[in-house]
Structures are given as structure tokens and as C-alpha cells.
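Have a look at this one before I ask anything.
Order of appearance sets the numbers: ligands from 1, and atoms from 1 within every ligand.
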Amino acid sequence: MVVEQMLREVAKIPETDLSAGRLFRFAHRGASGRAPENTLMAVEKALALGADGIEIDVYAVEDELVVIHDPRLERTTNGRGRVMASSLAYLRSLDAGQGQRIPFLREVLDLVDRRAAVNVELKGPGTAGPAAALVQRYVKERGWHFEDVILSSFSRRELAVARDEAPRIPLGLLTRSPLLPAKRFQAEMNLFSIHIRLDRVSRRFTDAAHRRGLKVFVYTVNREEDFRAVEDMGVDGVFTDFPMSVKG
Ligand code: G3P
Ligand code: CA
């Protein structure tokens, strides 16, 4: 099933439908419970496990978007220092686990090749413009659809840049708060979804978001009881380190 259809299916889920197996499954940092996070190996594993979507994190370095979660290198690579203060050559020389290199966003898109949706979390400043331009290029030249990608961020500034650069790419607002964003911001951004932490989501939040026309995606859901709990709240999808552990 093409990813655009899958996203439409999410949109069709009735708010009252609590049936199991309807959650949209984003592999969090790739299938990061099974392979080094944010690597092509983790993306490949997620695709093999049948994830509906792949979530990855990006920073802008020189003329590339590099895929890595932390602002520093120490936790996930054998390097040292800040990602954004490093040269691309240095970043590419590092081991991101099991011999994997830190990938570029374009390499992730090439590997996914529309077999799953891609949620690009805009972590670093200055990522929205290049990400929007890259998606537009893949739409124009490689048969991708705008709906194959969701750009998300905690940074409203990055979301605003993305909206200006490429109005047709779905945008998701990341939040740690149980409060919905202002209606005016939602309308200005034409927000597609809200991405909320597991310990902040509730049935009440989900219902309110749905009434406002927002999809609700919850991070990070790894335990069976948590899958059941968010299903019961009627959420639309989850970010999980273990895509296989989701029913359906
Ligand atoms: O995008 C959902 C989730 O990935 C946000 O938290 O810290 O894992 O990037 P984090
Ligand atoms: Ca993330």
C-alpha cells in the first residue's frame, strides 16, 4: 500500500473506533530497538518489520541534513563534540554503531523509496528550509508525494519556515504539554498532527485534538500495556522502537 493511502487511512479512523491494530506505526529513530538509532540499518530494519512510517532526527551541517538525535556526538558515535560544530568529513568518518555511518536525509529517502512514510524531526536550527527543498525536489523529480513526508518540530520557528517554503508538506507540532496549540497558530501552520509524549497524552487531549482536526501521534510507545492504553484513548499513531510489537 502506498504511504499516501496509509496516511489517508489514518485520517479515516473514526474517533470512536477503538479496535486494535489501527495505530499508524512510526519506527522511532528507525527500528532503534533492533539496530543503531538513526542509521540506514535501523531504517532498513524498520522497513523489513513493516513499519508504516520511519521517524528520524536531523541537523543542518554544511550543505547536508545529517541524521542524528543528540546535539553532541558522544552517546551514539565514537566521535566527540557538537554535531553542528563538526565538519561533514569528520561526521562521515565516525562509527554510529555496528560500522554504520551517520546518514544524510537524502540517503534515508532513497532507501525508503516511498515504501513507508517519513517523519523528519527538525531538531537543529536551519533545518526546515533544506528539508522542504529536498522534499520538493523528490516530489518534482522522483515521483514522491508531499503526503509521503511529515515535517515535525518542537521549534515553531522551523515549522513556520517549512510552511513558507513548501505549503503542501504536512506539518506536525511536537509538544511536551497537555495543552493544544492556539487555534491561530494551528491555522497559520495548517497543522496536520500533534506529536505528544506518552506521559502527557489522555483521552481528553485526543478528543480535543480530533475536534480541532489534528491527528495525534504519541512517543515513545514500547510496552504492550502502553499500546493498549493509547489505543483506548483513540490516538492515531505511535512512535515505537520496536515496530513488530504493535498489533495489526
Ligand atoms: O518525534 C517523536 C520523538 O522522536 C520526539 O522525541 O527525543 O525521541 O526525538 P525524541
Ligand atoms: Ca525524534
Side-chain angles (χ1 to χ4, degrees), residues 3 7 10 23-40 42-43 45-46 51-60 65-77 82-84 96-97 102-105 108-109 112 116-128 131 135 148-159 162 169-178 180-181 189 191-201 205-206 209 214-223 226-227 230 233 235-243 245-246:
V3 286
L7 278 176
V10 169
L23 291 169
F24 197 91
R25 302 164 299 164
F26 288 97
H28 180 237
R29 311 179 193 175
S32 57
R34 306 278 182 218
E37 68 178 55
N38 279 321
T39 62
L40 294 182
V43 173
K45 190 79 187 166
D52 301 310
I54 314 282
E55 189 261 2
I56 42 119
D57 307 286
V58 297
Y59 291 83
L65 290 169
V66 295
V67 178
I68 186 166
H69 179 273
D70 295 0
R72 295 190 62 88
L73 293 162
E74 286 81 356
R75 184 180 62 85
T76 59
T77 77
R82 290 178 53 235
V83 172
M84 292 184 64
I102 296 172
F104 298 146
L105 176 58
V108 170
L109 297 186
V112 173
V118 179
N119 175 199
V120 181
E121 183 186 341
L122 306 169
K123 279 279 190 219
T127 46
V135 173
D148 295 336
V149 177
I150 299 173
L151 299 180
S152 65
S153 192
F154 286 104
S155 165
R156 294 177 181 222
R157 180 185 301 231
E158 293 301 320
L159 292 179
I169 304 174
L171 295 187
L173 175 67
L174 271 150
T175 181
R176 296 185 185 91
S177 158
L180 287 169
M189 293 300 110
L191 280 184
F192 173 73
S193 51
I194 187 141
H195 305 188
I196 186 170
R197 231 168 65 172
L198 176 60
D199 62 355
R200 293 286 189 270
V201 73
F205 176 89
T206 305
L214 291 166
K215 305 291 171 284
V216 177
F217 300 130
V218 179
Y219 63 94
T220 303
V221 180
N222 288 330
R223 300 186 312 176
D226 293 329
F227 283 111
V230 297
M233 291 174 201
V235 312
D236 301 293
V238 293
F239 299 92
T240 178
D241 300 334
F242 302 94
S245 64
V246 185

Does R200, at its CZ atom, have more than 12 non-hydrogen atoms belonging to other residues, nucleotides or ligands within less than 6.0 Å?
yes
Salt bridge or not for D70 and R72, using N-O below 4.0 Å?
no
Where's the contact between T220 and ligand 1, heavy-atom distance under 4.0 Å: side chain, backbone, both or neither?
neither
Contact between R197 and ligand 1, counting heavy atoms under 4.0 Å?
no
Heavy atoms from other residues, nucleotides or ligands near CZ of R82 exceed 12 (cutoff 6.0 Å):
no
Tell me if a side-chain donor or acceptor on D236 pairs with a main-chain N or O of F217 at a distance below 3.5 Å.
no
To the nearest 10°, what's the angle at the Ca ion (ligand 2) between atoms OD1 (D57) and OE2 (E55)?
110°
For ligand 1, note which part of H195 has a heavy atom under 4.0 Å away: side chain, backbone, both or neither.
neither
To the nearest 0.1 Å, how far is atom 5 (C) of ligand 1 from its closest protein heavy atom, and which atom is that?
E121 OE1, 3.5 Å
Considering only the protein, which heavy-atom contact is closest to atom 8 (O) of ligand 1, and what is its distance?
H28 NE2, 2.7 Å
How far is atom 1 (O) of ligand 1 from its nearest protein heavy atom, and which residue and atom name does that atom have?
E55 OE2, 2.8 Å
When only distance counts, is H69 in polar contact with ligand 1, meaning an N/O pair under 3.5 Å?
yes
